[in-house]
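Structure first, commentary second.
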Amino acid sequence: MCIFAFGLVLSSCASRPEGVLIPVPVNEPSVSKVDLLVATTRLPTYDPRTLFSGERGSLIVTDIGISIPPDKNRTVGQVQWPKKLPANPLKDFTTYRVAGLEQKAGEKKWLDDHVSANGNVMIFVHGFNNTFEDSVYRFAQIVHDSQAKVAPIIFTWPSRASIFDYNYDKDSTTYSRDALEEVIRTAAAHPKVKDITIMAHSMGTWLTMESLRQIAIRDGRIMPKVKDVILASPDLDVDVFSQQWLVMQKKPPKMTIFVSQDDRALKVSRRIAGNIDRLGQINPGEEPYRSALEATGITVIDLTKLKVGDRLNHGKFAESPEVVQLIGKRLVAGQTITDSDIGLGERIGAVALGVGQGVGSAASVAVSAPIAIFDPTTRRTYNQQIDRFGQAVGGTFESATGQ
């Protein structure tokens, strides 16, 4: 029964033509182009149609360019796969460049060429059941739709892209911890890089947290250039996450977690994992999570009420135009989510918990209910939020002073 449910919930998309990674010329001036640095621990296939398999190999870096159709010809939040090859750049996502790079030296040269004056880099780590091309095209979509002004790096680990290989994929994330750490360190060491945002989805959040945990253990802290960590629908045991977080307590990066209680993929994962809550499915407004999150200063954005085309409710962060732009325009820019210009109203409950983010700031009074304050339809909860915030500040003050 569990296997059947797993297949139902996590089945992949309909078949598409093999060979989308074979570069074709793209000369259309109306398309957008996204240049990605792709770091992978997948085993090369030496086949230009696929490039890399789901088996395990050593760290390899590649420069891949993807073109995105004009906005009038596509739906924001969706990857438009070609129905036949060669792809039509005016209608389809299209690969226009694939170039192998020398490890470390190649990554440094790519950063030389792609890091802009703002110095922002985003590293994306995909989730379970992803082929190489799945992960590359999805991140190109996120970069384009978010309008994030970043040099985009994707770390793609060995997923067999099969619903029956959950445990293999999980072990592959563990296998890839050192390689992701190396990619992060190389980016942080580059003189043009000022800020690094790491965004991980689903099972990729385990890999991300483990790599950051290793860095904290080796160095005593996370390097200061890693400013933001975004965990989207994290397929992560809540108890394990708490232990990983404890290791990062010395000047941790700002952390944002996207959760949704209707995430069907995480419901299945919870059963497989011994019925322990998954971090991406918690209700941040209920105990014991509210108090724990208030103590850490972690921002949690609850997407449960947000409806998108994803029948699994597992990819809301990428498929919702509002949320993906929130990532690009606000979170990557290091801004706190405390005002109404994110424009989601009651469809999203943003719970920015943790007095550590707000004490001493005029904006701190808004931090635990940013949308309720500005949205008339939810303003009725404002006083309750203010009371909770005041109690949290009072408890923190008493703890700090010993009173």
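Everything numeric here is computed off the predicted structure, so don't read it as measured data.
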Under a 4.0 Å threshold between the charged nitrogen and the carboxylate oxygen, would [Y] count as salt-bridged to [X]?
X      : Y      : result
Asp145 : Arg74  : yes
Arg218 : Asp178 : yes
Asp235 : Lys170 : no
Asp134 : Arg16  : yes

- Query: Does Arg56 make a cation-pi contact with Tyr168 (under 6.0 Å, within 45 degrees of the axis)?
  - Reply: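 Cation-pi check for Arg56 and Tyr168: passes.
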Is the backbone of [Y] close enough, under 3.5 Å, to the side chain of [X] for a donor and an acceptor to pair up by distance?
X      : Y      : result
Ser176 : Ala179 : no
Ser211 : Thr208 : no
Tyr137 : Val20  : yes
Arg42  : Trp157 : yes

- Message: As a test of understanding, state which of Thr94, Ile68, Asn27 forms a side-chain contact (heavy atoms from CB on, under 4.5 Å) with Pro89.
- Response: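 Testing each of Thr94, Ile68, Asn27 against Pro89, the sole residue satisfying side-chain contact (heavy atoms from CB on, under 4.5 Å) is Thr94.
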- Query: Which pair of heavy atoms, one from Trp245 and one from Gln249, lies closest together, and at what distance?
  - Reply: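 So the two residues come closest at NE1-NE2, 2.7 Å.
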- Item | side chain to side chain donor-acceptor pair (under 3.5 Å) partners for Gln103, two or more places apart |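 Result, side chain to side chain donor-acceptor pair (under 3.5 Å) vs Gln103: Glu182.
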